[in-house]
Amino acid sequence: HVQLVESGGGSVQPGGSLRLSCAGSGFTFRYSDYCLGWFRQAPGKGREGLAGIFNRGGTTYYADSVKGRFTISQDNAKNTLYLQMNSLNPEDTALYYCAAKGGTCRDIWYEMGRYLFWGQGTQVTVS
């Protein structure tokens with residue numbers, strides 16, 4: 001049984017920072033290679049891919065909208081995925097999700113339809 005649980009969301013002023021966490025269980029037993037991603041969905045908008053990381057080698061991928069401000073990382077010992085978010089602005093307000101899929105990230109990390117497992121989301125509000 002695969003489970004992803006996000007935490008770390010909240011309210012922050014513009015220019016502030018937050019670190020989101022995504023605790024995973026049951027996933028590494030199923031896949032030796034996997035891609036983890038962070039997505040967000042603002043009210044009235046589609047779900048947007050923000051960042052991805054491939055477990056082998058830790059290669060990372062970023063959307064242009066967050067490159068240089070957000071950092072994705074993973075702690076394999078803790079089975080936890082992180083998203084460090086700096087220089088937040090009101091346009092970053094959204095529900096943030098982590099997701100997981102077997103196989104590579106390359107070329108498809110931002111496609112939500114590729115991910116089989118999703119967390120329940122954590123709200124980030126910047127105002």
Side-chain angles (χ1 to χ4, degrees):
H1 177 66
V2 176
Q3 189 173 22
L4 301 174
V5 180
E6 301 98 336
S7 62
S11 295
V12 64
Q13 293 183 341
S17 298
L18 282 175
R19 188 177 80 157
L20 305 183
S21 299
C22 173
S25 61
F27 194 78
T28 55
F29 290 110
R30 184 176 296 199
Y31 300 104
S32 57
D33 295 344
Y34 53 87
C35 176
L36 305 175
W38 283 102
F39 291 76
R40 70 184 177 190
Q41 189 164 15
K45 294 187 177 182
R47 197 166 294 189
E48 173 190 14
L50 303 176
I53 185 167
F54 184 48
N55 72 308
R56 291 194 181 275
T59 303
T60 57
Y61 306 82
Y62 294 96
D64 288 343
S65 59
V66 304
K67 196 174 295 182
R69 299 190 300 127
F70 291 9
T71 302
I72 188 172
S73 62
Q74 60 178 349
D75 184 330
N76 290 328
K78 296 181 179 179
N79 288 330
T80 301
L81 177 70
Y82 301 101
L83 186 68
Q84 177 66 43
M85 306 187 295
N86 299 328
S87 302
L88 287 163
N89 59 64
E91 289 70 38
D92 295 314
T93 295
L95 191 60
Y96 283 68
Y97 299 89
C98 63
K101 63 176 288 295
T104 185
C105 285
R106 194 169 67 177
D107 298 329
I108 48 81
W109 67 268
Y110 53 88
E111 295 182 10
M112 59 173 289
R114 300 278 188 168
Y115 290 81
L116 187 58
F117 305 104
W118 290 83
Q120 82 289 349
T122 185
Q123 178 68 38
V124 172
T125 301
V126 185
S127 63

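Residues take their numbers from the sequence shown, with the count starting at 1. Predicted model only: the values in this text are computed from it and were never measured.
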Query raised in the report: Quick one: does Met85's side chain get under 4.5 Å of Tyr96's, heavy atoms only?
Result: yes
**Report entry** Pairs flagged by side chain to side chain donor-acceptor pair (under 3.5 Å) wherever residues 7-25 is involved - sequence neighbours left out
**Finding:** Ser17-Asn86
**Report entry** Rounded distance [0.5 Å steps], CD in Gln74 versus CG in Asn76
**Finding:** 4.5 Å
**Report entry** Spacing of CG belonging to Leu36 relative to CG belonging to Asn79, to within rounding of 0.5 Å
**Finding:** 9.5 Å
Report task. Please report the C-alpha distance between Asp75 and Tyr82 in whole Å, then the side-chain angles of each, then the deciding distance to 0.1 Å, and finally whether the side-chain contact (heavy atoms from CB on, under 4.5 Å) criterion is met. Result -> CA-CA 8 Å; Asp75 184 330; Tyr82 301 101; 3.8 Å; yes
Query raised in the report: Do you know the tightest heavy-atom contact between Ala63 and Gly49?
Result: CB-O, 3.4 Å
Report task. Following the transitive rule for hydrophobic clusters with a side-chain heavy-atom cut-off under 4.5 Å over Ile, Leu, Val, Met, Phe, Trp and Tyr, establish whether Leu116 and Val2 coincide in one cluster. Result -> yes
Requested in this report: Look at the side-chain heavy atoms of Ile, Leu, Val, Met, Phe, Trp and Tyr, link any pair under 4.5 Å apart, and say whether Leu20 and Ile53 land in one connected group.
Outcome: yes
Query raised in the report: Between Thr60 and Ile72, which heavy-atom pair has the shortest distance, and what is it?
Result: CG2-CG2, 3.7 Å
Query raised in the report: Going from CZ on Arg69 to CD on Gln84, what distance comes out if it is rounded to the nearest 0.5 angstrom?
Result: 12.0 Å
Requested in this report: Could you note down all residue pairs passing salt bridge (Lys or Arg N to Asp or Glu O under 4.0 Å) where residues 113-127 supplies at least one of them, sequence neighbours left out?
Outcome: Glu111-Arg114
Query raised in the report: Any donor and acceptor pair, going by atom type alone, linking the side chain of Thr93 with main-chain N or O of Thr125 inside 3.5 Å?
Result: no
Query - Shortest non-hydrogen separation from Thr80 to Lys78 and the atoms involved - result: OG1-O, 2.9 Å
Report task. Return the set of residues passing ring-ring contact (aromatic ring centres under 6.0 Å, His included) with Phe70 (not counting sequence neighbours), or none when no residue passes. Result -> none
Report task. Give the cluster check for Tyr34 versus Leu50: same hydrophobic cluster or not, with ILVMFWY residues linked at side-chain heavy-atom distances below 4.5 Å. Result -> yes
Query raised in the report: Hey, quick one: are Leu81 and Tyr62 part of the same hydrophobic cluster, counting side-chain heavy atoms closer than 4.5 Å, chains of contacts allowed?
Result: yes
Requested in this report: Give a yes or no on whether the backbone of Thr122 and the side-chain of Glu6 come within a donor-acceptor separation of less than 3.5 Å.
Outcome: no
Report task. Can you sort out the partners of Lys67 under side chain to side chain donor-acceptor pair (under 3.5 Å), two or more places apart, ordered by chain and number? Result -> Asp64
Report task. Flag yes if Leu95 and Val12 sit in one hydrophobic cluster, no otherwise; membership is Ile, Leu, Val, Met, Phe, Trp, Tyr, and two members link when side-chain heavy atoms are under 4.5 Å apart. Result -> no
Requested in this report: Supply the atom-to-atom distance Glu48 CD to Met112 CE, rounded to the nearest 0.5 angstrom.
Outcome: 12.0 Å
Report task. Output all residues satisfying side chain to side chain donor-acceptor pair (under 3.5 Å) with Arg56, sequence neighbours left out; order by chain, then residue number. Result -> Asp33
Query raised in the report: Would a line drawn from the ring center of Trp109 to the ring center of Phe54 be shorter than 6.0 Å?
Result: no
Requested in this report: Measure the CH2-OG1 distance between Trp38 and Thr71 for me, rounded to the nearest 0.5 Å.
Outcome: 13.0 Å
**Report entry** Over all atoms of both residues, closest heavy-atom pair of Gly9 and Val124
**Finding:** CA-CG2, 4.2 Å
Query raised in the report: Between Tyr115 and Leu4, is any pair of side-chain heavy atoms under 4.5 Å apart?
Result: no
For residues 97-106, which side-chain donor-acceptor pairs fall under 3.5 Å, sequence neighbours excluded?
from, atom 1, to, atom 2, distance (Å)
Lys101, NZ, Thr104, O, 2.7
Thr104, OG1, Arg106, N, 3.0

Query raised in the report: Between Ser65 and Arg40, what is the shortest heavy-atom contact and its length?
Result: OG-NH2, 4.1 Å
